[in-house]
Amino acid sequence: MPETSAIYPGSFDPITNGHVDIIERGLRVFDRVVVAVLKNPKKRPLFTTKERVRMIHEIFASRSEVEVRAFDGLLVDFARSQGTGVVIRGLRAVSDFEYEFQMALMNHSLAPDIETFFMMPSVDYTFLSSSMVREIAELGGPIEGLVPGPVARKLRDRIRGAKKVQIP
Ligand code: PNS
């Protein structure tokens, strides 16, 4: 049987346990999942592209079926360049639906050969987003259980560093 593959794009600033869950679910369906990290999200990222890619690499170091790449430009073009015709997106709640529906339709109109494949994360992660994790960390709250251990440490270090350079 030919190898099946899918691309899982996002900002991943930083990767959360919800993203990890979707990647693992994706691997139950596809032989290979390419995690595609958007190079320049409109919002100024807390972590550089290199840092975001490195963190995901570290988490999936023992899984050769997970590839991590940075991308810019159109997602559908990048998907084609990776030899895949499937885009995975996680749907946490109804509130995600409108944006995701619009993006899937736009991608389909740009590239009718590329399908969007929606997956639901575990109910434990339906409330989780990278922006909320950043906010909790900034306010000194607990982020354990929300992001993988190495990410939690890097997040705390980054926020501590940012606070040091703040002008009172
Ligand atoms: O995790 P995010 O920030 O919701 O991911 C958004 C992402 C990276 C999937 C989206 O912004 C994207 O695909 N950007 C690439 C540009 C593109 O192809 N735009 C047209 C489709 S709307």
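Remember, it's 1-based here, ligands and their atoms both numbered in the order they're listed.
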Q: Give the atoms of ligand 1, by number and element, whose distance to some non-hydrogen atom of S11 is under 4.0 Å.
A: 1 (O), 2 (P), 3 (O), 5 (O)

Q. Rounded to the nearest 0.5 Å, how far does CZ of R153 lie from CG of L155?
A. 12.0 Å

Q.
Distance check, rounded to the nearest 0.5 Å: F30 atom CZ versus I7 atom CD1?
A. 12.0 Å

(Q) I'd like to know if D21 pairs up with R25 as an ion pair, taking the criterion as any Lys NZ or Arg NE/NH1/NH2 lying under 4.0 Å from an Asp or Glu carboxylate oxygen. (A) yes

Q) Parallel, tilted or perpendicular: which describes the rings of Y8 and F12, with under 30° parallel and over 60° perpendicular? A) perpendicular

Q. Of the listed options (H19, M106, R89, Q102), which comes nearest to atom 7 (C) of ligand 1 when hydrogens are ignored and any heavy atom counts?
A. R89

Q) Can you tell me if Y99 has a non-hydrogen atom under 4.0 Å from ligand 1? A) yes

Q: Check each atom of ligand 1 against the heavy atoms of L75 and keep those under 4.0 Å away; list them by number with element.
A: 13 (O), 17 (C), 18 (O)

Q: Please confirm whether A36 comes under 4.0 Å of ligand 1, counting heavy atoms of the residue only.
A: no

Q. What's the spacing between L27 CG and I88 CD1 if we round to 0.5 Å?
A. 8.0 Å

Q: Any atoms of ligand 1 less than 4.0 Å from a non-hydrogen atom of N107? List them with their elements.
A: 21 (C)

**Q.** Sub-4.0 Å atoms of ligand 1 with respect to non-hydrogen atoms of G73
**A.** 15 (C), 16 (C)

(Q) Does R52 form a side-chain contact (heavy atoms from CB on, under 4.5 Å) with D13? I'd like the steps, not just the answer. (A) CA-CA 7 Å; R52 285 178 278 142; D13 187 36; 3.8 Å; yes

